[in-house]
Amino acid sequence: MNTENEGTAVPPAPSAPPVPVDAPAASTPQASEAGAPTTPIPPVPPHASGGAQGPELVHAGPAPAYASAEGGAQQGASGAPQHPGPGPEGAWPPPQSPGTPLYADGGAGGAGGAWGSGYQQPAPKPKNGRGGLVAAVLVAALVAGGLGGGLGYTLAKDNDNGSSTTLSASDSGGSVKRDAGTVAGVAQKALPSTVTIEAESTSGEGGTGTGFVFDTQGHIVTNNHVVADAVDGGKLSATFPNGKKYDAEVVGHAQGYDVAVIKLKNAPSDLKPLTLGNSDQVAVGDSTIAIGAPFGLSNTVTTGIISAKDRPVASSDGSGSNASYMSALQTDASINPGNSGGPLLDAQGNVIGINSAIQSTSGGGLGGTSQSGSIGLGFAIPINQAKYVAQQLIQTGKPVYAKIGASVSLEDSTGGAKITTEGAGGSDPVEAGGPAAKAGLKPGDVITKLDDHVIDSGPTLIGEIWTHKPGDKVKITYERSGKTHTVDLTLGARTGDS
């Protein structure tokens with residue numbers, strides 16, 4: 001798979017369209033003349049539930065591509081072409097701009113004068129030779145050219161010595177207050193709590209991503225692949241929409257979850273954390289708002305809906321270590337390279353996910369770059385999972401993963417997650433005394449469901465396991481010798497990415 005990195009130049013913006021020409025205002029008899037890295041990630045197995053086929057998956061962020069890893073369960077040793085790290089035998093493969101019309105030239109109708117020309121009523125005649133109050137419409141004019149219109153009229157007396165009173169429409173468009181429930185209202189509240197992250201390695205490589213304020217102490221949540229370049233002695237900074245820039249450091253990062261926490265140095269005292277929602281309660285069709293820095297264009301807001309839930313997505317950042325697996329929220333909100341780590345919000349402005357990856361046509365490019373762009377298939381880490389991971393990283397600096405204690409195949413041809421006959425490095429495929437062993441699982445068993453979620457591959461199983469916490473009880477459905485069995489299992493724990 002091609003590796004596409006963040007940081008390419010953004011093409012110049014097109015020139016603005018011509019400004020509409022104001023029509024001359026109509027005149028009255030008395031009046032004078034009036035006066036707009038990325039990272040390829042392995043596609044979901046062809047048979048994966050609801051998995052999109054065809055176009056390649058790429059990170060919505062800057063880092064290089066990383067390899068498959070042990071995902072909550074140890075994996076075998078044979079290498080898949082795009083997963084250099086240790087894995088089970090048969091490892092899963094990689095993972096006319098129309099011109100602005102000028103309405104001052106007579107308009108569409110015709111032969112007469114330009115729009116805005118006036119009409120003058122003949123002078124009023126006395127009634128029965130006596131004076132009286134006579135109302136006459138002297139002028140009716142439409143001011144065109146895209147700048148709005150106005151209708152004026154004059155009330156006159158035959159004995160007022162030519163004096164008149166002119167009433168005109170207000171030039172105010174009304175209140176510009178943004179209601180809290182509108183996209184503009186949500187963006188106005190959320191933007192000050194998002195940052196554009198720049199990460200640079202000791203060799204000068206790096207890119208741009210996004211993050212959001214997690215607490216008042218200066219912790220910022222983002223993707224692991226956004227800050228991966230700065231982990232070992234690199235440079236890291238975060239810039240707010242008001243232009244204030246702060247140096248930062250990595251507090252902890254979880255390659256498997258693709259979540260990281262950084263902390264601002266000399267953090268300001270007025271930080272406002274974004275409100276976290278409940279991703280378990282999200283429904284397909286719910287409105288979404290994404291904030292990020294696509295192709296380096298900071299503070300960009302896009303909208304869409306939740307297109308699907310529980311999408312199995314696998315990704316890597318090129319570090320040669322562990323892969324990321326998620327049971328993702330899918331959205332059609334426009335997400336591009338640089339959006340990684342940014343918040344995916346609901347209609348009330350609550351964070352429901354962390355934008356992490358997109359599916360894109362391979363070899364694409366926007367504005368002459370080699371990076372692929374959005375085709376309306378974006379994926380976000382559910383915030384319930386990300387919140388737990390972030391809290392662990394802040395407390396201990398290391399991630400904690402749930403596990404079943406068995407090595408599963410990453411092949412995409414099993415119709416489930418098959419427990420391998422040999423573990424990584426020749427170890428036992430079922431950990432002695434581990435959760436799977438206690439539940440009676442054996443090598444060769446094929447896991448087909450975890451609770452009510454259908455399992456069609458090893459990566460799908462890993463992603464589902466990682467939506468849980470160590471100690472959670474789950475129901476495992478598996479097949480052995482053509483018969484289906486169901487057992488209860490209590491998930492174990494593994495600390496760190498190694």
S.K.: State, to 0.1 Å, how close Q385 and Y257 come at their nearest heavy-atom pair, and which atoms those are.
M.R.: NE2-CD2, 2.9 Å

S.K.: What distance separates T467 OG1 from I462 CD1, expressed to the nearest 0.5 Å?
M.R.: 12.5 Å

S.K.: Verify side chain to side chain donor-acceptor pair (under 3.5 Å) between D258 and Y325, making sure each step is shown before the conclusion.
M.R.: CA-CA 8 Å; D258 197 17; Y325 298 99; over 6 Å; no

S.K.: How many angstroms lie between atom OG1 of T495 and atom CD of Q392, to the nearest 0.5 angstrom?
M.R.: 8.0 Å

S.K.: Look only at the side chain of D346 and the backbone of Q348, and say whether a donor-acceptor pair between them is shorter than 3.5 Å.
M.R.: yes

S.K.: When rounded to the nearest 0.5 angstrom, what is the spacing between CD1 in I262 and CZ in F214?
M.R.: 13.5 Å

S.K.: So, D247 side chain and K265 main chain: donor-acceptor pair closer than 3.5 Å or not?
M.R.: no

S.K.: As an exercise, state the distance from NZ of K418 to OG of S409, rounded to the nearest 0.5 Å.
M.R.: 7.5 Å

S.K.: Looking at residues at least two apart in the chain, or sitting in another chain, which of them share a side chain to side chain donor-acceptor pair (under 3.5 Å) with D472?
M.R.: none

S.K.: Could you give me the CA-CA distance, side-chain angles and deciding distance for D488 and V474, then say whether side chain to side chain contact (heavy atoms under 4.5 Å, CB included) is met?
M.R.: CA-CA 6 Å; D488 292 327; V474 297; over 6 Å; no

S.K.: Show your working on side chain to side chain donor-acceptor pair (under 3.5 Å) between T420 and S407 and close with a plain yes or no.
M.R.: CA-CA 6 Å; T420 59; S407 176; 3.1 Å; yes

S.K.: Hey, what do you get for CG (N266) to NZ (K263), rounding to the nearest 0.5 Å?
M.R.: 10.5 Å

S.K.: Which atom names give the shortest non-hydrogen contact between G440 and D445, and what distance separates them?
M.R.: O-OD2, 4.4 Å

S.K.: Applying salt bridge (Lys or Arg N to Asp or Glu O under 4.0 Å), name anything that partners K244, two or more places apart in sequence or on another chain.
M.R.: none

S.K.: Which atom pairs, one a donor and one an acceptor, fall under 3.5 Å between side chains of residues 182-204 and the rest of the protein, sequence neighbours left out?
M.R.:
{"residue": "T182", "atom": "OG1", "partner": "D179", "partner atom": "O", "Å": "2.7"}
{"residue": "T182", "atom": "OG1", "partner": "G185", "partner atom": "N", "Å": "3.0"}
{"residue": "S193", "atom": "OG", "partner": "K272", "partner atom": "O", "Å": "2.4"}
{"residue": "T194", "atom": "OG1", "partner": "L191", "partner atom": "O", "Å": "2.9"}
{"residue": "T196", "atom": "OG1", "partner": "S298", "partner atom": "OG", "Å": "2.9"}
{"residue": "S201", "atom": "OG", "partner": "S203", "partner atom": "N", "Å": "3.3"}
{"residue": "S201", "atom": "OG", "partner": "S203", "partner atom": "OG", "Å": "2.9"}
{"residue": "S201", "atom": "OG", "partner": "E205", "partner atom": "N", "Å": "3.1"}
{"residue": "S201", "atom": "OG", "partner": "E205", "partner atom": "O", "Å": "3.2"}

S.K.: Sequence neighbours left out, cut at 3.5 Å: what donor-acceptor pairs do the side chains of residues 376-384 make with other protein atoms?
M.R.:
{"residue": "N384", "atom": "OD1", "partner": "S279", "partner atom": "N", "Å": "3.2"}
{"residue": "N384", "atom": "OD1", "partner": "S279", "partner atom": "OG", "Å": "3.3"}
{"residue": "N384", "atom": "ND2", "partner": "N278", "partner atom": "OD1", "Å": "2.9"}
{"residue": "N384", "atom": "ND2", "partner": "D280", "partner atom": "OD2", "Å": "3.1"}

S.K.: Could you check whether any side-chain heavy atom of Q330 comes within less than 4.5 Å of a side-chain heavy atom of K309, counting everything from C-beta outward?
M.R.: no

S.K.: Verify side chain to side chain contact (heavy atoms under 4.5 Å, CB included) between T288 and L345, making sure each step is shown before the conclusion.
M.R.: CA-CA 6 Å; T288 58; L345 309 170; over 6 Å; no

S.K.: Run the side chain to side chain contact (heavy atoms under 4.5 Å, CB included) check on V231 and H253 step by step: do they pass?
M.R.: CA-CA 9 Å; V231 168; H253 61 106; 3.6 Å; yes

S.K.: Is it the case that the side chain of W466 and the backbone of A402 share a donor-acceptor pair, with hydrogens and angles ignored and the cut-off at 3.5 Å?
M.R.: yes

S.K.: If I compare all heavy atoms of G341 with all of F212, which pair ends up nearest, and what's the gap?
M.R.: O-CD2, 3.9 Å

S.K.: Which heavy atom in L236 sits nearest to a heavy atom in E249, and how many Å separate them?
M.R.: CD2-C, 4.0 Å

S.K.: Going by salt bridge (Lys or Arg N to Asp or Glu O under 4.0 Å), name the pairs with one or both residues in residues 284-299, residues two or more places apart or in two chains.
M.R.: none

S.K.: Taking atom NZ as the centre, does K438 end up with more than 12 heavy-atom neighbours from other residues, nucleotides or ligands that are less than 6.0 angstrom away?
M.R.: no

S.K.: If you apply the rule side chain to side chain contact (heavy atoms under 4.5 Å, CB included), what do you find for D215 with I394, and how did you get there?
M.R.: CA-CA 11 Å; D215 59 28; I394 292 171; 4.1 Å; yes

S.K.: Below 3.5 Å, can you tabulate the donor-acceptor pairs from side chains in residues 446-455 to any protein atom, sequence neighbours excluded?
M.R.:
{"residue": "T448", "atom": "OG1", "partner": "T477", "partner atom": "O", "Å": "3.3"}
{"residue": "D451", "atom": "OD1", "partner": "K475", "partner atom": "N", "Å": "2.9"}

